[in-house]
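Working notes, beginning with the structure itself.
Hydrogens, waters and symmetry mates are skipped; everything else that's a heavy atom, side chains included, is used. Ligands are counted one by one from 1 in listed order, and the atoms in each one are counted from 1 as well.
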Amino acid sequence: MVMNKELISMLTMEDIVREGHPLLRKVAEEVTLPLSEEDQSILKDMIEFLRNGQNPEVAEEYGLRPGVGLAAPQINVSKRIFVVRTTDSQDELVEQAFVNPKIISHSQETTFLSDGEGCLSVDRSIDGTVPRYARVKIEAYDETGKKFTKRLRGFLSIVFQHELDHLNGIMFYDRIDEDDPLKKEVPASLKV
Ligand SMILES: OCN(O)CCCc1ccccc1
Ligand code: NI
């Protein structure tokens, strides 16, 4: 399936800012609710980008790197918005917009992906485990401006924390302890 790019404003890799871009190191601004038309269309474009990247034909056609999440600062928008598209611990598809997200409580226990993490804004692979809270209770608004709380665990919890870090100017490798990359503690200075 080939989409006529001239007719639609699909996001491509050119729209993704890379390391060195100041927005990746800024604390993004809270969004006023209800969402403006502009913010609603930004959210739509971000979800579309994840869908396209997870569709092998479209990803191939437009050279998209597949991603399970995307934060607004990564498309040069310094707002507290991100989207996640992945499967949860029950193998259900989760496609969720998070506006003004917060972690309201978290487990002491930490977890990490054994293969480490990557990032659409990082064009290199960086080894080392990224300690994350194993479980988080979050609060956010959805695309309709409705407030919700959710308990996340497993991969979804890790993705949420990776995206929330982007809203606070934190990159995944900030959390890798160079002296002991396999360390599981979250450095006190970087507790969210
Ligand atoms: O910020 C989104 N992004 O760079 C795409 C990759 C997201 C991601 C990758 C590994 C573990 C958690 C989250
Ligand atoms: Ni990222």
Sub-4.0 Å heavy-atom environment of ligand 1, residues by chain: Val68, Gly69, Gln74, Leu113, Glu117, Gly118, Cys119, Leu120, Val159, His162, Glu163, His166

Val94-Phe155 co-clustered via ILVMFWY side chain contacts under 4.5 Å: yes

Arg124 bridged to Glu19 by N-O distance under 4.0 Å: yes

side-chain hydrogen bond (donor to acceptor under 3.5 Å, both in side chains) partners for Arg153, two or more places apart: none

Val77 with Leu24, same ILVMFWY side-chain cluster at under 4.5 Å: no

Plane angle bin for His162 and Phe172 - parallel if under 30°, tilted between 30 and 60°, otherwise perpendicular: parallel

Residues Asp174 and Arg25 bridged, charged N to O under 4.0 Å: yes

Co-membership, hydrophobic cluster, residues Leu120 and Leu23, 4.5 Å side-chain: no

Could you pull out every donor-acceptor pair under 3.5 Å between side chains of residues 44-51 and any protein atom, sequence neighbours left out?
| residue | atom | partner | partner atom | Å |
| --- | --- | --- | --- | --- |
| Glu48 | OE1 | Arg51 | NH1 | 3.1 |
| Arg51 | NE | Glu95 | OE1 | 3.4 |
| Arg51 | NE | Glu95 | OE2 | 2.8 |
| Arg51 | NH2 | Glu95 | OE1 | 2.7 |

Expected output: side-chain Asn168 to main-chain Ile170 donor-acceptor under 3.5 Å: no

2.8 Å cut-off (strict), protein N, O or S atoms about the Ni ion (ligand 2): 3

